[in-house]
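So the structure is just underneath, and the comments pick up after that.
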2 protein chains.
Amino acid sequence: MSTSGGVVRRSLLDDLATSMLALIADRRLSSGDQFESVRSLADRFKVAVPTIREALRRLEATGAVELRHGSGVYVGQHIGRLILANPLAPTPSGDRLVELLQARALIEPPVAALAARLRSEDALERMDGHLAAAEELIASGDHAGLAEVNMAFHRSLAQASGNATLAEVVESVTVVNVREQLEILHIHGDRQTDLQEHRAILEAVRAGDAELAERLTREHLDGVLAVIERAAHP
Amino acid sequence: MSTSGGVVRRSLLDDLATSMLALIADRRLSSGDQFESVRSLADRFKVAVPTIREALRRLEATGAVELRHGSGVYVGQHIGRLILANPLAPTPSGDRLVELLQARALIEPPVAALAARLRSEDALERMDGHLAAAEELIASGDHAGLAEVNMAFHRSLAQASGNATLAEVVESVTVVNVREQLEILHIHGDRQTDLQEHRAILEAVRAGDAELAERLTREHLDGVLAVIERAAHP
DNA sequence: ATGACCAAGTGATCTGATCATTTTCATTTC
DNA sequence: GAAATGAAAATGATCAGATCACTTGGTCAT
């Protein structure tokens with residue numbers, strides 16, 4: 001028995017993890033801010049260093065904090081998120097890649113429609129920036145950077161929907177295996193087409209044409225899917 | 001410098017985590033199987049116990065392994081997944097709850113349509129089981145259990161789509177805050193209606209009527225969403 | 001058989017030290 | 001005065017060995 005009513009099944013590590021999250025929340029810290037040293041945290045919670053480190057590793061695994069050798073403990077990029085891409089996920093097989101694209105082709109079009117209904121100015125500018133960056137990267141031949149920026153475009157589109165949960169879902173299915181998608185897209189090679197399709201989607205969103213944005217996004221992803229399916233099942 | 005060519009930026013902990021995952025894969029272990037003791041792992045990888053434990057905590061945070069006090073290290077439920085619900089996520093606010101339901105209302109209907117096109121016998125039986133269980137739980141007044149089974153129905157529906165990634169996405173948006181959804185649904189209270197709607201969805205899937213399954217799922221979730229929105233913005 | 005009990009295996013935590021990296025800042029050098 | 005240098009402090013990473021706590025399986029008495 002421990003406290004009053006309620007679940008008592010929590011371990012010391014659970015308590016430490018949630019207490020540290022509460023500490024971060026109390027101090028109004030956000031991504032990138034420095035948190036507190038390992039030793040100081042150990043003192044504060046009256047536990048040994050290895051114990052606090054285990055709790056920190058747990059937080060680190062979900063992107064809630066980040067440990068930088070010689071520097072300190074910082075608040076991570078994914079603090080407060082509900083949906084995450086598994087940071088330890090294995091490289092997806094060909095079939096899994098196809099599934100992933102099918103999932104995106106199902107989810108992202110209606111998300112684009114939402115974005116078109118909102119027409120957030122910030123998001124539109126961000127997407128403009130991505131397209132400009134993509135253009136430069138195509139010219140300079142930086143294919144890795146291009147794949148990254150293209151994914152960023154899709155993420156910004158999802159953020160433009162105004163629904164953080166949907167944005168997290170799209171971010172998650174998008175972040176997996178940029179490298180693999182990159183290689184397959186190299187087979188495809190039609191980088192100009194991608195850029196033009198992205199441009200068209202953005203214009204539809206800017207015009208507030210939800211149905212068009214949805215259709216263009218669907219066609220775009222179906223096109224990518226077709227390429228990947230051809231590569232996966234030769 | 002370390003080995004031959006390739007990325008060298010990996011930390012000791014990264015190596016340990018991926019090595020252990022590789023070990024699990026090599027041995028063809030799956031969820032629930034016992035893995036190997038902490039001390040044995042420390043010996044195997046020539047590191048101290050606290051170090052191997054940090055790596056294990058990282059794996060544990062993503063559900064790849066599970067540490068059971070006094071018993072051993074086991075392979076976790078979520079090993080190999082790409083998309084996860086953040087296990088450390090804070091209790092969602094009312095707005096976040098609404099967003100979550102909106103996301104579900106957007107994603108799940110087309111997933112139900114996929115399920116109707118597949119008509120997997122296994123999945124149909126599983127859903128039958130959930131509905132039977134729900135009926136009993138309504139009779140016995142076990143509301144917590146009922147909420148759980150209702151969520152399980154939605155997850156099985158997603159699994160019936162045949163797309164593991166979509167199933168993981170639905171599982172993730174579904175697993176968050178069963179408790180919160182439960183309480184709000186208590187306000188709603190119309191448990192019989194939920195059951196009937198679930199039944200109708202299952203029948204549409206069984207009949208292979210994709211459009212009907214999609215529409216019924218959308219109406220069902222929109223109904224739940226309306227209840228939650230009323231509760232969140234009184 | 002059944003239940004109480006005990007012992008081995010195993011995870012949890014502690015203590016305290018040493019090594020490695022980053023950051024800061026005073027010193028040197030041009 | 002500005003830039004390069006280098007020592008010192010702060011901080012994370014890892015180690016070693018010990019002790020506590022929980023689970024499990026077998027033993028033994030009933």
Side-chain angles (χ1 to χ4, degrees), chain A residues 1-3 7-20 23-24 27 29 31-77 79 87, chain B residues 1-2 7-20 23-24 27 29 31-77 79 87-88:
Chain A
M1 287 121 254
S2 62
T3 60
V7 183
V8 293
R9 255 298 163 211
R10 316 196 63 218
S11 74
L12 173 56
L13 229 53
D14 291 335
D15 289 341
L16 286 176
T18 58
S19 295
M20 286 194 286
L23 205 52
I24 290 173
R27 295 183 184 168
L29 299 180
S31 288
D33 292 347
Q34 187 158 9
F35 182 33
E36 199 174 310
S37 81
V38 170
R39 288 170 177 84
S40 160
L41 286 167
D43 285 348
R44 172 187 300 278
F45 293 111
K46 302 281 192 299
V47 297
V49 166
T51 307
I52 206 76
R53 284 181 65 82
E54 284 188 33
L56 283 169
R57 288 298 180 196
R58 173 180 291 189
L59 295 185
E60 188 194 43
T62 63
V65 304
E66 193 181 327
L67 282 74
R68 299 189 202 150
H69 192 173
S71 178
V73 180
Y74 296 79
V75 178
Q77 296 298 309
I79 184 117
Chain B
M1 283 130 255
S2 61
V7 183
V8 292
R9 255 295 160 217
R10 318 193 64 219
S11 75
L12 172 57
L13 229 55
D14 292 335
D15 289 340
L16 286 176
T18 59
S19 295
M20 286 194 286
L23 204 52
I24 290 173
R27 295 184 184 166
L29 299 180
S31 288
D33 294 346
Q34 186 157 10
F35 182 33
E36 198 175 310
S37 81
V38 171
R39 289 171 178 84
S40 161
L41 287 167
D43 285 348
R44 172 188 299 277
F45 292 111
K46 303 280 194 299
V47 297
V49 166
T51 307
I52 205 74
R53 284 181 66 83
E54 285 188 32
L56 283 169
R57 287 299 180 196
R58 173 181 291 190
L59 296 184
E60 187 194 45
T62 62
V65 304
E66 194 180 328
L67 281 74
R68 298 189 202 151
H69 193 173
S71 178
V73 180
Y74 297 79
V75 178
Q77 297 297 308
I79 182 118
L88 287 71

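Numbers restart at 1 for each chain; the letters A, B, ... are given by sequence-line order, proteins then strands.
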Distance, rounded to the nearest Å, where B:D43 contributes CG and D:dG17 contributes P: 11 Å

Which of C:dC14, D:dG12, D:dT14 is nearest the side chain of A:L67? It is D:dG12

Check whether any side-chain N or O of B:T51 sits under 4.0 Å from OP1 or OP2 of D:dC15, and answer yes or no. yes

Classify every nucleotide of nucleotides 5-11 of chain D by which part a protein heavy atom approaches to under 4.0 Å, writing B for the base, S for the sugar-phosphate alone and - for neither, in 5'-to-3' order. -----BB

In whole Å, I'd like the distance from the CZ atom of B:F35 to the P atom of C:dG11. 11 Å

Quickly work out the A:E60 CD to D:dG12 P distance and round it to whole Å. 12 Å

Contact between A:I79 and A:L29 at the side-chain level, heavy atoms closer than 4.5 Å - yes or no? no

Could you list the residues that satisfy salt bridge (Lys or Arg N to Asp or Glu O under 4.0 Å) with A:R58, not counting sequence neighbours? A:D14, B:E60

Report yes if some heavy atom in the side chain of B:V49 is under 4.5 Å from a heavy atom in the side chain of B:L41; otherwise report no. no

Sequence neighbours excluded, the answer for salt bridge (Lys or Arg N to Asp or Glu O under 4.0 Å) partners of A:R27 is A:E36

Kindly give the heavy-atom pair with the smallest separation between B:F35 and B:M20, and that separation in Å. CZ-O, 4.0 Å

Please report the distance, rounded to the nearest Å, between CG in A:L16 and C1' in C:dA12. 12 Å

Just the rounded figure in Å: distance from P of C:dC19 to CZ of A:R53. 17 Å

Taking D:dT14, D:dC15, C:dT13 as options, the one with an atom nearest any side-chain atom of B:P50 is D:dC15

Expressed as a whole number of angstroms, how long is the span from B:L41:CG to C:dG9:P? 17 Å

Toward the 5' end of DNA chain C, by each residue's nearest nucleotide, A:E54 or A:Y74: A:E54

In terms of heavy-atom contacts, A:A17 and A:A55 come closest through N-CB, 4.4 Å

Atom of B:P87, atom of B:A61 and distance for their closest heavy-atom approach: CG-O, 3.3 Å

Could you state the CG-P distance from B:L56 to D:dT14, rounded to the nearest angstrom? 14 Å

Without decimals, in angstroms, what is the distance between A:L13 CG and D:dA21 C1'? 15 Å

